[in-house]
Enquirer: 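Below you will find the structure I want to go over with you.
Order of the sequence lines sets the chain letters (A, B, ...), proteins ahead of strands, with each chain counted from 1.
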Number of protein chains: 2
Amino acid sequence: MFSKTCEHAIKAIIFVTKQTLEGKRASLKTIAFGIESPEAYTAKILQLLVKNEFIFSIKGAAGGFETDLNKMKKLSLMRVVEVFDGDSIANRCVLGLKTCSSRNPCPFHDKYAPVRARLVCILENTSIMDLALGLIAGKTSLKE
Amino acid sequence: MFSKTCEHAIKAIIFVTKQTLEGKRASLKTIAFGIESPEAYTAKILQLLVKNEFIFSIKGAAGGFETDLNKMKKLSLMRVVEVFDGDSIANRCVLGLKTCSSRNPCPFHDKYAPVRARLVCILENTSIMDLALGLIAGKTSLKE
DNA sequence: GTTAAATCGGACAAAAATATCCGATTTAAT
DNA sequence: ATTAAATCGGATATTTTTGTCCGATTTAAC
Ligand code: FES
Ligand code: FES
């Protein structure tokens, strides 16, 4: 559903939020280990998260990544997904037609569109903070 | 959601079913044009559909592809998707964890799994014939 | 039989996604 | 100041997906 890049990004931002909640600054190494993603690739993705102001970075020794917790309460999963995968989840035709529309629907549109709409709704109403809190509570995991 | 290969395959089998319903044998060229997919690539995919006995081919001049209409009434979209994309739709963790399970759920699992289950249910209860009939009725399209 | 129109199948090619490398820069700690 | 630990950013590499080519085979029509 999501690209690998987007998957790594989601896990990374949740992980950094968790660390910030715990009062720890997260280094690249810690993050890559914590979300089981390749270090160099994760570095690239973290840079994009920084550029989009989802997280911020502190350079130099004892540097790393942190989040603004209030921001994470308001930031929806959908916003993150949009940055990495565009609006394809919400708008792309599931059979690859150039445009998805009920005016020229593909054979699966009518059955698919409602499920997709439900998913988009959930993505929009789930905050990064929500996800980080489940992680801290030990109810969910970013590994294995 | 589906791989391009799978998308082409779904469109192709729907198109061939439509042609069979109309008493026409479908040639590679007609199919590729009808579903707007590259001819050579489509040829490969049709071979896989034949190998899996979803459609059958007639070689030689005036040859082409046809379906068994009774089979198409019973064949679910899910079965076709499984052949091309495996069970990733039904089972893969949306955040890329090695296994998706409520025993070790990723942060998004609890919200995502029900939507996915709904989708799988629809895929299983939609037949290729259903989709082909919508196409014949002019309610749906495989192009643009 | 000959020909022409088709599918078949294996090797190959291009493009996109995923991932790595490495030198430059920044900065905390000493 | 020096050092060591970190991020930054651009180039490069690998892998997967998507797509092409072309000769071999089959067969309907003549
Ligand atoms: S037209 Fe295909 S999903 Fe909407
Ligand atoms: S564990 Fe991630 S979707 Fe089930």
Enquirer: What N/O pairs connect the protein and nucleotides 22-29 of chain D at under 3.5 Å? Give each pair on its own line.
Expert:
unit_1, atom_1, unit_2, atom_2, d
dT26(D), O2, G60(B), N, 3.4
dT27(D), O2, A61(B), N, 3.4
dA28(D), O4', A61(B), O, 3.2

Enquirer: In this structure, how many angstroms lie between the P atom of dT7(C) and the CG atom of L49(B), rounded?
Expert: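 Going from CG in L49(B) over to P in dT7(C) covers 13 Å.
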Enquirer: When you measure from the side chain of R25(A) to the backbone of A62(A), do you find a donor-acceptor pair of N or O atoms at a distance under 3.5 Å?
Expert: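 Pair found, side chain donor or acceptor close to backbone of A62(A).
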Enquirer: Without decimals, in angstroms, what is the distance between E7(B) CD and dT17(D) P?
Expert: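 One finds 14 Å between P of dT17(D) and CD of E7(B), rounded.
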Enquirer: Taking NZ from K51(A) and C1' from dT7(D), how many angstroms apart are they, rounded to a whole number?
Expert: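 Whole-Å distance recorded here is 13 Å.
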Enquirer: Could you tell me which residues satisfy side chain to side chain contact (heavy atoms under 4.5 Å, CB included) with R116(B), sequence neighbours excluded, listed by chain and number?
Expert: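 Counting only residues at least two positions away or on another chain, R116(B) forms a side chain to side chain contact (heavy atoms under 4.5 Å, CB included) with C100(B), H109(B), Y112(B), A113(B), V120(B).
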Enquirer: Any side-chain to backbone donor/acceptor pair from N52(B) onto L48(B)? Under 3.5 Å, distance only.
Expert: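 Yes, the answer is positive, given that a donor and an acceptor are paired below the 3.5 Å cut-off.
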Enquirer: Any salt bridge (Lys or Arg N to Asp or Glu O under 4.0 Å) involving residues 97-113 of chain B? Give me the pairs, sequence neighbours left out, ordered by first then second residue.
Expert: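 Sorted result for residues 97-113 of chain B: E36(A)-K98(B).
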Enquirer: Flag the pair E7(B) and R92(A) as a salt bridge only when some basic side-chain nitrogen lies within less than 4.0 angstrom of an acidic carboxylate oxygen.
Expert: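 A salt bridge links E7(B) with R92(A).
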Enquirer: With the criterion being N/O to N/O and under 3.5 Å, what pairs connect the protein with nucleotides 19-22 of chain C, and how long is each?
Expert:
unit_1, atom_1, unit_2, atom_2, d
dA19(C), OP2, H8(A), NE2, 3.2

Enquirer: If the cut-off is 4.0 Å, is Q47(A) near the phosphate of dC8(D), judged by side-chain N/O to OP1 or OP2?
Expert: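 Result: no.
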Enquirer: Can you name the ring pair (Phe, Tyr, Trp, His ring centres under 6.0 Å) partners of Y41(B), sequence neighbours left out?
Expert: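 For Y41(B), the residues satisfying ring pair (Phe, Tyr, Trp, His ring centres under 6.0 Å) (neighbours in sequence not counted) are H8(B).
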Enquirer: Do any N or O atoms from the side chain of T126(A) and from the backbone of L123(A) form a donor-acceptor pair under 3.5 angstrom?
Expert: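 The answer is no, because no donor-acceptor pair under 3.5 Å joins these two groups.
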Enquirer: Give a yes/no on whether any side-chain N or O of S57(A) is located under 4.0 angstrom from OP1 or OP2 of dA6(D).
Expert: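 Negative; the distance criterion is not met.
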Enquirer: Please determine if E66(A) and K18(A) form a salt bridge, counting it only when a charged side-chain N lies under 4.0 Å from a carboxylate O.
Expert: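 Looking at K18(A) together with E66(A), the answer is no, because their closest N to O distance does not fall below 4.0 Å.
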Enquirer: Counting the atoms with a prime plus P, OP1 and OP2 as sugar-phosphate, which does L28(B) contact under 4.0 Å by heavy atoms, base, sugar-phosphate, or nothing?
Expert: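 Result for L28(B) = sugar-phosphate.
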Enquirer: Quick check on the hydrophobic clustering: are L97(A) and I128(B) connected, directly or via other members, by side-chain heavy-atom contacts under 4.5 Å?
Expert: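 Shared cluster, no.
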Enquirer: What's the CD1-P distance between I45(A) and dG9(D), to the nearest Å?
Expert: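 It is 16 Å, rounded to the nearest whole Å.
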Enquirer: Return the value, rounded to whole Å, for the distance between atom CZ of F56(A) and atom C1' of dC8(D).
Expert: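 Going from CZ in F56(A) over to C1' in dC8(D) covers 17 Å.
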Enquirer: Taking K71(A)'s backbone N and O only, do any of them form a donor-acceptor pair with D68(A)'s side chain (distance below 3.5 Å, no angle check)?
Expert: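 Confirmed, D68(A) side chain pairs with K71(A) backbone.
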Enquirer: Atom CD1 of I31(B) to atom P of dA6(C): distance rounded to whole Å?
Expert: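 In whole Å, dA6(C) P lies 12 Å from I31(B) CD1.
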Enquirer: Kindly say whether K143(A) contributes a backbone atom to a donor-acceptor pair with the side chain of N104(B) at under 3.5 angstrom?
Expert: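 The answer is yes, because a donor-acceptor pair under 3.5 Å joins these two groups.
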Enquirer: Please list, in numerical order, the residues of residues 10-24 of chain A that have a heavy atom closer than 4.0 Å to any atom of DNA chain D.
Expert: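 Residues of residues 10-24 of chain A that come under 4.0 Å of DNA chain D do not exist, since none gets that close.
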Enquirer: Expressed as a whole number of angstroms, how long is the span from F65(B):CZ to dA5(C):C1'?
Expert: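 My rounded result for the distance is 13 Å.
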